[in-house]
Number of protein chains: 2
Amino acid sequence: MTETQIPDIVVSRLPIYLRALTRLQQEGQHITSSGELGRRLGISSAQIRKDLSHFGEFGKQGTGYQIEFLIKQLRQILKVDHEWSVALVGAGDLGSALARYNGFRNRGFRIELIFDNDPAKIGRELSGYIVQDAALLGTLIPQRGIRLAMIAVPAEAAQFVADELVKAGIKGILSYAPININVPEGVQVQYIDPVVHLQRMTFYC
Amino acid sequence: MTETQIPDIVVSRLPIYLRALTRLQQEGQHITSSGELGRRLGISSAQIRKDLSHFGEFGKQGTGYQIEFLIKQLRQILKVDHEWSVALVGAGDLGSALARYNGFRNRGFRIELIFDNDPAKIGRELSGYIVQDAALLGTLIPQRGIRLAMIAVPAEAAQFVADELVKAGIKGILSYAPININVPEGVQVQYIDPVVHLQRMTFYC
DNA sequence: TAGATTGTTAATCGATTAACAATC
DNA sequence: TAGATTGTTAATCGATTAACAATC
């Protein structure tokens, strides 16, 4: 209907739908239904249909959804129908693992700049790129017009790094540091902290 | 009041509170308020008080919360007042980074078993432990009574590994594989997929 | 005491679900 | 056609927030 604000919680589920659809496609399927998708994800079929209805009509009554078509639509909605360059700050164990991870490419992202402030790491090759001096972050990021970054530095450095990234024009930060980061309005932050997930499970154990 | 079911969404916030409180403590603070905590986390003070009220009364009117005391209480609630042993399956780049990560220890977890099915990796030392043959998973995990596991294997292997883990008695799985996993009732699963987080941000870019 | 902040209630807000006409 | 499944509405359910008495 009218172009209304999409609830965050709806947006947050779209990548999950996209992932499951891609999986179905890999398994050779061409068509699916909200029922099947819901069963796979542990989500009600009504919720899936409701979520999608915020963006348009993508299915056919009686049939379901053309997987290829729905994937294309979701990619467009999430803006991952083209590749995003990502800057990575921190080339330690975790940063290196991220740099080498080849699951980014086919899902819309490419790590294109890697920074560290350790002289022993600067200048080294990592997954096809040279580790850059973190001091150059403010120059190189705007130069390449990069708008997404991942932070894989110790908690103590995370807020400082985030501030520098924001100054450099970064609009979205995925932080692996186990700490809350403050950013100005208009900058997105997402967190990954394995301990938080583990603690969510021990409660139920 | 009466011992009622705690909403999942409340439980999911407790580790965040615990993390922020620990941070405040590290900064040398002894007392805080729902207002201060909320400001740090971008959460309303009412929500924090409401969440905590599910478990008891931990504050003092006019004063706020004794940080040390509240940390102790939250640790107890989340059952991380003692250390949990964790099994790790997959000793690739990501698995190795997880094995070496020293942020688990002081927050209630210790990786105590590491598995891989690559003969080149089995028998190797990793972060003080010997990488075990994944085929021994069903023996070693019950032997040690381990109930939590992390999966850092390719998507194709994740469901199989999860099945084996469940058979071995695992009750909580933290999966890094970009795929949905099906487990029986009573087994917890949490997911970490950086691409999902990145895609949640590009929508707003 | 005066000021601050808790714990809790009730009101509001928003998300999920059930149900079904439309239709492939 | 008969069967299946969509998109959407309305009802339900649950979570968040505003407000305030209690009290430190």
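Protein chains get the first letters and strands the later ones, always in sequence-line order, with residue 1 at the start of each.
Interatomic distance, CD1 of B:Ile77 versus NZ of B:Lys72, reported as 13.5 Å (0.5 Å rounding).
If you check every strand for non-hydrogen atoms under 4.0 Å, A:Leu52 touches nothing.
Annotation: proximity of residues 13-34 of chain B to DNA chain C (heavy atom, distance under 4.0 Å) is found for B:Ser33, B:Ser34, numbered in ascending order. Near DNA chain D, meaning a heavy atom under 4.0 Å away, there are no residues from residues 65-76 of chain B.
Scanning for salt bridge (charged side-chain N to carboxylate O under 4.0 Å, His left out) contacts around B:Glu156 gives an empty result, with sequence neighbours left out. Residues passing the side chain to side chain contact (heavy atoms under 4.5 Å, CB included) test with B:Asp163, sequence neighbours excluded: B:Gln159.
If you find the closest nucleotide of DNA chain D to A:Gly35 and to A:Lys50, the one lying nearer the 5' end belongs to A:Gly35.
Annotation: side chain of A:Arg147 is not in contact with side chain of A:Val86 (no heavy-atom distance under 4.5 Å).
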Legend entry - Under the 3.5 Å Watson-Crick or G-U criterion, the dot-bracket string of DNA chain C, with | for inter-strand pairs: ..||||||||||||||||||||||

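B:Tyr65 does not carry B:Arg49 over the face of its six-membered ring by the limits of under 6.0 Å from the centre and within 45° of the normal.
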Inset, instruction - Output, in order, the C-alpha distance, side-chain angles, deciding distance and verdict of salt bridge (Lys or Arg N to Asp or Glu O under 4.0 Å) for A:Glu36 and A:Arg39. - result: CA-CA 5 Å; A:Glu36 182 180 45; A:Arg39 237 171 294 120; 5.7 Å; no

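Between B:Ile6 atom CD1 and D:dA15 atom C1' there is a gap of 14 Å when expressed in whole angstrom units.
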Report all interatomic pairs (protein N or O, nucleotide N or O of nucleotides 22-24 of chain C) with separations under 3.5 Å.
from, atom 1, to, atom 2, distance (Å)
C:dC24, O4', A:Gln61, O, 3.3
C:dC24, O2, A:Gln61, O, 3.4

